[in-house]
Amino acid sequence: MIRTNLDHVWRPSPNFGERLSDVDILLLHYTGMKSGSAAVNWLCAEESGVSCHYLVDIDGSITQMVSEDKRAWHAGKSYWQGNEDINSASVGIEIQNEGSSLTDIVENMPDFPDVQIAAVIALSKDIIARHKIPAERVLAHSDVAPGRKVDPGPKFPWAKLAQAGVGVWHQNISIGNDLSVKDIQRCLWTHGYDCHVSGDMDEETVRFLKSFQLRYGLEKIDGVADHATQHLLQNIGKKND
Ligand SMILES: [Zn+2]
């Protein structure tokens, strides 16, 4: 049984299996549900078929549901840098927030309270330290399931987390050189998405661009590779090389 050293409530979920690989990803979610307790009940109900290692409620309280050495069921169909079994490679944290729909992405979404984010940072640092997870492998559910998932969403304070040593953020965006569609697709693939280098700005490429814009806080989440998006793609790509 591997549990966090931080104060937490233990509410075991029956929904887990054996890991097929070592842990090297921390995957962050929002619940998209009305309350933290409703989310814990769902994640612990056998009928749901889903679970997560942790849930952080809006008051900063932490519930653990699956031992960290077990494979919890939170990522679903997913992909990152060649890996299609993100559940085996990750520890998952559900963060209580009602979330937003894809069509009305910012307006409907509540803010994350400071006390909640402080708890997410503390828990993340604890997990990262014990599993030696690299900063660039602290991922959003939207990173590994682009188009299908948007959580933890546009209001999630990634910059604040990066400042505290959790995950990566970017420097100020300046104008970069124009990239060809193939260049853009190569950058998306290098970054982690399952992007084919076709040279056509196809539906799949637009979906990955949207997910990238969402994750890195760009003003427009429209899948159009404008200068800001291209520059950021080049920068993030370099950082991961
Ligand atoms: Zn999620």
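Quick caveat: nothing in here was measured; it's all calculated off a predicted structure. Indexing begins at 1, ligand by ligand and atom by atom, following the structure's order.
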With 2.8 Å as the limit, count the protein N, O or S atoms near the Zn ion (ligand 1).
3
Closest heavy-atom pair, Ala39 versus Leu55, reported as atoms and distance to 0.1 Å, is CB-CD1, 3.6 Å
Separation between NE2 (His141) and CD1 (Ile95), nearest 0.5 Å, reads 12.5 Å
For the atom pair CG (Asp194) and OH (Tyr79), what is the distance rounded to the nearest 0.5 Å?
4.5 Å
Are Glu94 and Thr31 linked by a side-chain donor-acceptor pair shorter than 3.5 Å?
no
Taking the side chain from Ser198 and the backbone from Asp200, do they hold a donor-acceptor pair closer than 3.5 Å?
yes
Sorted by chain and residue number, the salt bridge (Lys or Arg N to Asp or Glu O under 4.0 Å) partners of Glu68 (sequence neighbours excluded) come out as Arg130
